[in-house]
Amino acid sequence: MNDDTLRFIRTEGSGLLRDTRRELWLNLTGMRAQTRLGGVYASRRDFLEPELFHSCDGYADRDGEEKTRLRLLSSFLALAFLSGKTASVADRILALEAGEEFPACGERMTLRSAKARILSEPRKNKRDEIDEKSGELLFRLNTLCMRKLESLSESSEALGFKTYGELLDETHGMTTPGLASGAEKFLRDTDYIAGDMLEWFLSRKIDVRMKDASLSDITFLFNSAELGGYFPKPDFESFTETVLGGMSLNPPRSASFDTTKRTGKTADGFSLTLGPPIETALSIFPVGGIHDYESLLGCLGHSLCYAFTDPEDDFEFVYPRDPCLTDIFSGLFGGLIYEPEWLKKYLRIDTGGDLHNFLQLRRLMSARIEAGRAVCIQEIYGGSDSGEMSALLTDIMSRAAKCRYDGRKFLPEFLSPVSSPFRFKSLLSLPGLRIFMKESFDEEWWRTPAAGDYLRGVWSEGGRITGGALLERCGCGEQGTEALVRDFEEAFR
């Protein structure tokens, strides 16, 4: 890569990220249904030329920081190329999710506001009504997502990859077949305990038989049915300061928060870096209960990966990140809601008796759903017949979630611009990372300044560090499913 090309990528890449992320932020927070991603990429057509991506060819033969630099630029250019080629259909997908409505429960909902409603809807007949009435919009959304997936496959081939899956594996440092195999094993190893406990809690807490349970029932069960009274409505900014203060973390740039409820806003919390200049922004759809805290902490962990970055550093180290790294920290911080001592200190919750098992079952079912997604992704990469795709995804995810799961919901989540499709990989690393943090600092590492100093040092490296490199430093290395299964077995004792 010559100096002129590098300067072009840095200058125009900054503008591209600024414009696309502003469009996504406005849409995903429900401030604007229509996006102009197609127009953004049309004004920067050089990113739609394969030659720009191939200017990074050969980075694997380089050493040290130069190799890291070119790897990050290669991943950025590959994803920019794919995003540009699919921008028009992405605009349509985002507009449908945020703006089109259907009638249910005596009101009009978007697909996004429906998900938020289900999190706190105590009546099963109303949850079932929302699922039924959203079917037509969900069908249209799934059709658009299939079109986007086809375009992603064609665009990946234009860059020299056999499949979209091969491109994602390259840019995410993944081996999807191996991850899917591990996910299948995890599902088998946790099948009995998940089914036995889930059946008991469904019957006792919300009077739903397991054979009649849907994903909406599970969603409500694990947010409001039992846990709502333990988790008071938070002041998000104040609570964030409290959590960071425990580790004496004081980011040089404050994050901005959007906690307003809007009908077009996604119910899933997310974090985006906006700029330049670099700025982290967190979006939470407050529905009450444990969902709000898990969303906040997960988003916080993601945003901290950027919070201590030197904004004067080179573009490729300021903005691109290894997705596995951000998933690891999102999981590490989001998982604090399952730590008894953390709950006792910050929320004054005693997790004795059924509450402990209920929280751990919630964590287990979340992990099983992520494992199911890893299996689904392998099927998508394997070129399964598009006409049978929905039924196949329904079967896989229903087995993973131990309930009725509409497979048409999978592709929109997988293709979301703020999704983490390989989160199961980071889950495998978390037991070892938590052990490292406890042994290196304190059983309650989340309240020690020394842990804060260590994490600040990791985050200040920007894009130079990968998830794999972090785990090697911590003595974790590549983790199989055994450690995660053992972690759950110990939690349920």
task = Check ring pair (Phe, Tyr, Trp, His ring centres under 6.0 Å) between Phe47 and all other residues, then give those that pass, not counting sequence neighbours.
result = Phe8
ask   = Do His302 and Phe329 have side chains that get closer than 4.5 Å, going by heavy atoms?
value = no
key: Minimum side-chain heavy-atom gap Thr35-Leu24 below 4.5 Å   = no
request  = Show your working on side chain to side chain donor-acceptor pair (under 3.5 Å) between Ser295 and Asp292 and close with a plain yes or no.
outcome  = CA-CA 5 Å; Ser295 294; Asp292 293 354; 5.8 Å; no
Residues Phe358, Leu221; criterion side chain to side chain contact (heavy atoms under 4.5 Å, CB included); working and verdict = CA-CA 10 Å; Phe358 192 72; Leu221 171 71; 3.9 Å; yes
inquiry  = Under a plain distance cut-off of 3.5 Å, with no hydrogens placed, do Glu166 and Ser156 share a side-chain donor-acceptor pair?
reply    = no
key: Rounded distance [0.5 Å steps], CG in Leu433 versus CG in Leu470   = 6.0 Å
key: Arg456 bridged to Asp453 by N-O distance under 4.0 Å   = yes
task = Take Leu16 and Phe76, measure what side chain to side chain contact (heavy atoms under 4.5 Å, CB included) needs, and give me the verdict at the end.
result = CA-CA 11 Å; Leu16 180 66; Phe76 166 72; 4.3 Å; yes
Side-chain heavy-atom pair Ile218, Ile369 within 4.5 angstrom cut-off = no
request  = To the nearest 0.5 Å, tell me how far Leu17 CG sits from Leu274 CG.
outcome  = 10.5 Å
request  = Let me see the working for Asp4 and Arg7 under salt bridge (Lys or Arg N to Asp or Glu O under 4.0 Å), right down to the final yes or no.
outcome  = CA-CA 5 Å; Asp4 288 341; Arg7 278 193 296 270; 2.3 Å; yes
message = Could you check whether any side-chain heavy atom of Leu215 comes within less than 4.5 Å of a side-chain heavy atom of Ile118, counting everything from C-beta outward?
response = no
ask   = For Pro177 and Asp169, which heavy atoms make the closest approach, and how far apart are they?
value = CD-OD2, 4.3 Å
task = For side chain to side chain contact (heavy atoms under 4.5 Å, CB included), just list the numbers for Phe285 and Leu119, CA-CA rounded to whole Å, side-chain angles, deciding distance to a tenth of an Å, and then say yes or no.
result = CA-CA 11 Å; Phe285 194 116; Leu119 280 161; over 6 Å; no
key: Closest approach of Ile377 to Pro421 (non-hydrogen atoms, all atoms of both residues)   = CD1-O, 3.1 Å
ask   = Salt bridge between Arg22 and Asp19, side-chain N to carboxylate O under 4.0 Å?
value = no
message = Is there a side-chain contact between Asp268 and Lys115 in this structure, where contact means two heavy atoms from C-beta onward sitting under 4.5 Å apart?
response = yes
query = Would you call Arg464 and Asp313 a salt bridge, taking side-chain N to carboxylate O under 4.0 Å as the test?
reply = yes
ask   = Can you find a heavy atom in the side chain of Phe81 that is under 4.5 Å from one in the side chain of Leu52?
value = no
inquiry  = Less than 4.0 angstrom from a charged side-chain N to a carboxylate O is my criterion; do Arg473 and Glu461 meet it?
reply    = yes
message = Any side-chain to backbone donor/acceptor pair from Ser426 onto Arg423? Under 3.5 Å, distance only.
response = yes
inquiry  = Quick check: Tyr293 with Phe231 (ring centres under 6.0 Å apart)?
reply    = yes
inquiry  = Heavy-atom count check: over 12 atoms from other residues, nucleotides or ligands less than 6.0 Å from Asn250 CG?
reply    = no
inquiry  = Tell me whether Thr448 contacts the main-chain N or O of Glu444 through its side chain, where contact means a donor paired with an acceptor under 3.5 Å.
reply    = no
remark   = In Tyr306, Trp459, Phe308, the residue satisfying side chain to side chain contact (heavy atoms under 4.5 Å, CB included) with Pro251 is Phe308
query = Have Arg112 and Thr263 got a donor and an acceptor in their side chains that come within less than 3.5 Å?
reply = no
ask   = Any side-chain heavy atom of Glu294 within less than 4.5 Å of one from Tyr338?
value = yes
task = Applying side-chain hydrogen bond (donor to acceptor under 3.5 Å, both in side chains) between Arg321 and each of Thr326, Thr466, Thr309, report the one that passes.
result = Thr309
Side-chain (Ser330) to main-chain (Gly298) donor-acceptor, under 3.5 angstrom = yes
Side chains of Tyr164 and Ile380 in contact at under 4.5 Å (non-hydrogen atoms) = no
query = Any idea which heavy atoms bring Pro252 and Ala307 closest together, and the distance?
reply = CD-O, 3.4 Å
query = At their closest point, which heavy atom of Gly463 faces which heavy atom of Arg71, and how far apart are they?
reply = O-NH2, 4.2 Å
task = Dump the intermediate steps for side chain to side chain contact (heavy atoms under 4.5 Å, CB included) on Tyr41 and Ser83, then the final yes or no.
result = CA-CA 8 Å; Tyr41 280 97; Ser83 298; 3.2 Å; yes
message = Using modelled atom types and a 3.5 Å cut-off, is there a donor and acceptor pairing between side-chain atoms of Asp314 and backbone atoms of Glu316?
response = no
query = Between the main-chain N or O of Ser416 and the side-chain N or O of Ser419, is there a donor-acceptor pair closer than 3.5 Å?
reply = yes
message = Under the criterion ring-ring contact (aromatic ring centres under 6.0 Å, His included), I'd like the reasoning laid out for Phe222 against Phe201: C-alpha separation, chi angles, the key distance, then a yes or no.
response = CA-CA 10 Å; Phe222 286 127; Phe201 276 111; 7.9 Å; no
ask   = Backbone N or O of Thr219 within a donor-acceptor pair of the Asn223 side chain at under 3.5 Å?
value = no
ask   = Would a distance-only check, ignoring hydrogens and angles, find a side-chain to backbone donor-acceptor pair under 3.5 Å from Arg21 to Thr273?
value = yes
Carboxylate-amine/guanidinium contact Arg486 Asp189, below 4.0 Å = no
query = Between the main-chain N or O of Arg447 and the side-chain N or O of Asp442, is there a donor-acceptor pair closer than 3.5 Å?
reply = no
inquiry  = Around atom NZ of Lys438, are there more than 12 heavy atoms from other residues, nucleotides or ligands closer than 6.0 Å?
reply    = yes
ask   = Checking Arg373 against Phe410: charged group under 6.0 Å from the ring centre and within 45 degrees of the axis?
value = no
request  = For atom CZ of Arg36, decide whether the heavy atoms of other residues, nucleotides or ligands shown that lie under 6.0 angstrom number more than 12.
outcome  = no
key: His291 side-chain N/O to Ser120 backbone N/O, donor-acceptor pair under 3.5 Å   = no
query = Is Arg69 salt-bridged to Glu65, cutoff N-O under 4.0 Å?
reply = yes
message = Check whether Arg262 reaches the backbone of Thr29 with its side chain - one donor and one acceptor, N or O, closer than 3.5 Å.
response = yes
